[in-house]
Every structure is written in structure tokens, then in C-alpha cells.
There are 2 protein chains.
Amino acid sequence: MSKKSIDETYAEESLLCPIRYTIDVVGGKWKLPIICMLASGMPTRYSSIKRKLKDVTNMMLSQSLKELEASGIVHREQYNEVPPRVEYTLTDKGKSIIPPLLKLAEWGAGHMKEDPACGAFCDTCQSTN
Amino acid sequence: MSKKSIDETYAEESLLCPIRYTIDVVGGKWKLPIICMLASGMPTRYSSIKRKLKDVTNMMLSQSLKELEASGIVHREQYNEVPPRVEYTLTDKGKSIIPPLLKLAEWGAGHMKEDPACGAFCDTCQSTN
DNA sequence: CAGGATCCTGTTGGATACTG
DNA sequence: CAGTATCCAACAGGATCCTG
């Protein structure tokens with residue numbers, strides 16, 4: 001980054017695209033929980049992800065995983081066994097998105113309590129408990 | 001933040017809520033462009049915002065501004081003149097969200113070029129040119 | 001000038017059932 | 001086990017017209 005002030009930097013519309021791109025990559029209902037699960041570094045099976053994300057359907061899960069794979073966030077490793085086994089891990093790109101997300105979490109944690117509408121977000125979180 | 005590794009920290013599901021909260025606050029089609037405009041620090045009139053965000057309707061703009069105001073991101077100052085004048089500025093909370101967003105922009109800028117679907121995001125950005 | 005009301009459409013996410 | 005196919009509901013976003 002240059003020595004321009006943060007406001008000047010942000011005021012350049014060219015920064016909108018990258019932000020939108022990033023939010024799109026992790027957007028949707030299930031991608032963030034999936035990244036969260038895989039962040040431990042453990043290769044995780046499809047069925048294991050499905051178990052932890054209690055209310056996700058096969059439809060939504062496979063679609064989210066496919067999109068994350070297309071974005072280069074997760075790696076899909078298929079073992080041709082019977083029964084079939086597929087394990088998912090974060091790629092290097094996937095791991096690299098965690099620090100930015102932590103910045104969002106920090107900001108959110110510092111401000112959501114003072115927001116009356118805060119409660120709405122903790123419902124979805126419980127699906128990963 | 002504690003001394004736990006970044007992966008362990010992120011793996012705690014409790015961080016999902018703050019991230020979702022933050023994304024929700026700036027989510028939607030117009031909130032990010034609006035924040036971007038106001039980031040200069042200049043109090044900006046409704047009609048001026050509308051002019052710059054070329055394709056926004058009154059409906060969408062007033063709704064986005066109202067939600068941003070409800071989230072404590074923007075301040076609305078109404079002057080009882082004829083014709084009416086309303087100016088919007090970022091609150092301190094609003095300004096404080098810019099550094100986290102810059103982290104997202106940094107990550108996005110570093111990765112979107114290598115992504116074939118990148119072009120899709122620059123269409124929306126042109127509306128703020 | 002700065003919005004609100006109403007109606008409409010496209011996309012996102014979901015339910016159910018089925019398969020290599 | 002790890003998905004697909006098909007159909008459907010809910011909601012975000014938009015078009016058009018109206019007003020203090």
C-alpha cells in the first residue's frame with residue numbers, strides 16, 4: 001500500500017471489486033462454516049462435514065464444496081475405494097483468507113453486542129456446535 | 001487475541017457469528033459503494049450519492065441508507081430547509097470498519113486475477129466511476 | 001429534494017427422491 | 001458413501017408511480 005491515507009485509498013472505486021470478490025468467495029449460507037471446519041487442517045470427509053453442519057442438505061453441501069473448489073479455496077481428494085471416500089482440505093489460498101476473515105471477526109465481535117439485532121446471527125452459528 | 005494458533009482460533013465456531021454480522025452490515029448490492037463514497041469524510045447529500053451510484057433507484061438507496069443508519073455505520077443529518085437537504089457521513093463505527101475491509105481488498109486483489117470468473121465483479125464497480 | 005408504496009422478477013436456498 | 005435431479009418457497013432487488 002502507498003502512503004496515501006486510508007480514506008483516500010478506500011475512496012478509489014477500484015477497491016470495490018476485490019472486496020466484492022472476497023465476499024463472494026466466502027458468501028452464501030454454508031461456505032463460511034465449511035472453511036471454519038477445515039481450518040483445523042484435518043482432511044475431512046464429506047459425511048463428517050455434513051454431520052457437523054447439522055441442517056445442511058446434500059444438495060447445498062455438495063454445491064458449496066464445488067464452488068469453493070472452483071474458487072481454489074478447498075482441495076478435493078477422492079479415493080477410489082468401496083465405499084467411496086472423499087476428503088476435503090483447505091488449499092494455500094484457502095488458508096490465506098483466514099487472517100482477513102479474522103479481522104472481520106475482530107470488528108464484528110467488538111460491535112455486534114451493542115447492536116440490538118445481534119441475536120439473529122447466533123442461530124446459524126449453533127448449527128456448527 | 002490469545003496466543004492460540006490462528007487455525008485453532010478460527011476453528012472455534014464462536015467466530016462465525018462476528019464474521020457473519022460484519023458481512024451482513026456491509027452486505028447487499030449498494031452498502032459497500034455507499035461506504036466507499038462516504039469514506040472521503042465529506043458530508044454527502046442524498047442526491048449526490050444517487051448521482052454517483054448511477055443505477056440505484058430511490059427505493060434501494062433510501063433502504064440501504066436506512067439500514068446503514070440502523071447499524072450505526074452512517075449518520076443522517078437533516079436540515080429543515082426548502083428544498084429539503086439531508087447529508088450523510090460515516091460514524092466512528094463506520095470509519096472503524098474500513099481497515100478490516102482493506103484486508104479483504106488486499107486478499108481479493110492478490111487472488112482475483114488468477115480467477116477466471118474475475119471479470120464479473122468489475123461490472124458493478126463501474127457504477128461508481 | 002428526499003424519499004415512500006406497490007407490484008413484480010430473478011436468484012438463493014430447501015425438500016424430496018434417486019444413483020454410481 | 002458421496003453425491004444428482006427435479007421441483008418449490010422465500011427473499012433480495014428492481015420498475016414504476018406517488019408525495020411531504
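Here is how names work: the chains are called A, B, and so on, in the same order as the sequence lines, proteins then strands, and each is numbered from 1. Quantities reported herein were computed from a predicted structural model and do not represent experimental measurements.
- In 5' to 3' order, the nucleotides of DNA chain C bounding all contacts with chain B (an atom under 4.0 Å from a heavy atom) are C:dC1 to C:dT6.
- If you measure from atom NZ of B:Lys29 to atom C1' of D:dG13, you get 7 Å, rounded to the nearest angstrom.
- Applying the 4.0 Å criterion to OP1 and OP2 of D:dC1, one finds that A:Arg45 has every side-chain N and O outside that range.
- Comparing the local axis fitted to the first five base pairs of the helix from C:dC1-D:dG20 to C:dG20-D:dC1 with the one fitted to its last five gives a bend of 60°, rounded to 10°.
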Test side-chain contact (heavy atoms from CB on, under 4.5 Å) on B:Thr89 and B:Glu77; report intermediate values, then the result.
CA-CA 8 Å; B:Thr89 49; B:Glu77 189 71 37; over 6 Å; no
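- Between the CG atom of B:Leu53 and the C1' atom of D:dG13 there is a distance of 14 Å, rounded to whole Å.
- Pairing each heavy atom of A:Ile19 with each of B:Ala105, the nearest pair is CG1-CB, 3.6 Å.
- The aromatic rings of B:Tyr46 and B:Tyr88 lie tilted to each other, with the angle between the two planes from 30° to 60°.
- The closest side-chain heavy-atom distance from B:Asp55 to B:Trp30 is below 4.5 Å.
- Atom CD1 of A:Ile49 is separated from atom C1' of D:dA2 by 11 Å (rounded to the nearest Å).
- One atom, CG of A:Asn80, and another, C1' of D:dA2, lie 12 Å apart when rounded to the nearest Å.
- The shortest side-chain heavy-atom distance between A:Ile23 and B:Leu32 falls under the 4.5 Å cut-off.
- Taking every heavy atom of residues 59-68 of chain A and every atom of DNA chain D, pairs under 4.0 Å involve A:Met59, A:Ser62, A:Lys66, by number.
- Contact check, A:Arg51 against D:dA2: no side-chain N or O comes under 4.0 Å of OP1 or OP2.
- Contact detail for A:Pro18 and B:Ala109: the closest heavy-atom pair is CB-N, 3.5 Å.
- If A:Gly27 and A:Asn58 are placed on DNA chain C by their nearest nucleotide, the residue sitting closer to the 5' end is A:Gly27.
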Are A:Leu90 and A:Ile97 close enough, and set up right, to give a side-chain contact (heavy atoms from CB on, under 4.5 Å), and what steps lead you there?
CA-CA 10 Å; A:Leu90 286 189; A:Ile97 204 178; over 6 Å; no
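- Among the atoms of the strands shown, only primed sugar atoms or phosphate atoms (P, OP1, OP2) are found under 4.0 Å from some heavy atom of B:Tyr88.
- The line from CD1 of B:Ile34 to CG of B:Leu65 is 4.5 Å long, rounded to the nearest 0.5 Å.
- Within a 6.0 Å sphere centred on NZ of A:Lys31, heavy atoms belonging to other residues, nucleotides or ligands number more than 12.
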For a side-chain contact (heavy atoms from CB on, under 4.5 Å) check, start with the C-alpha distance between A:Lys93 and B:His111, then their side-chain angles and the critical distance, and finish with the verdict.
CA-CA 8 Å; A:Lys93 182 176 177 182; B:His111 291 283; 3.6 Å; yes
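- Shown here for B:Lys50 and B:Val56, the closest heavy-atom pair between the two residues is NZ-O, 3.1 Å.
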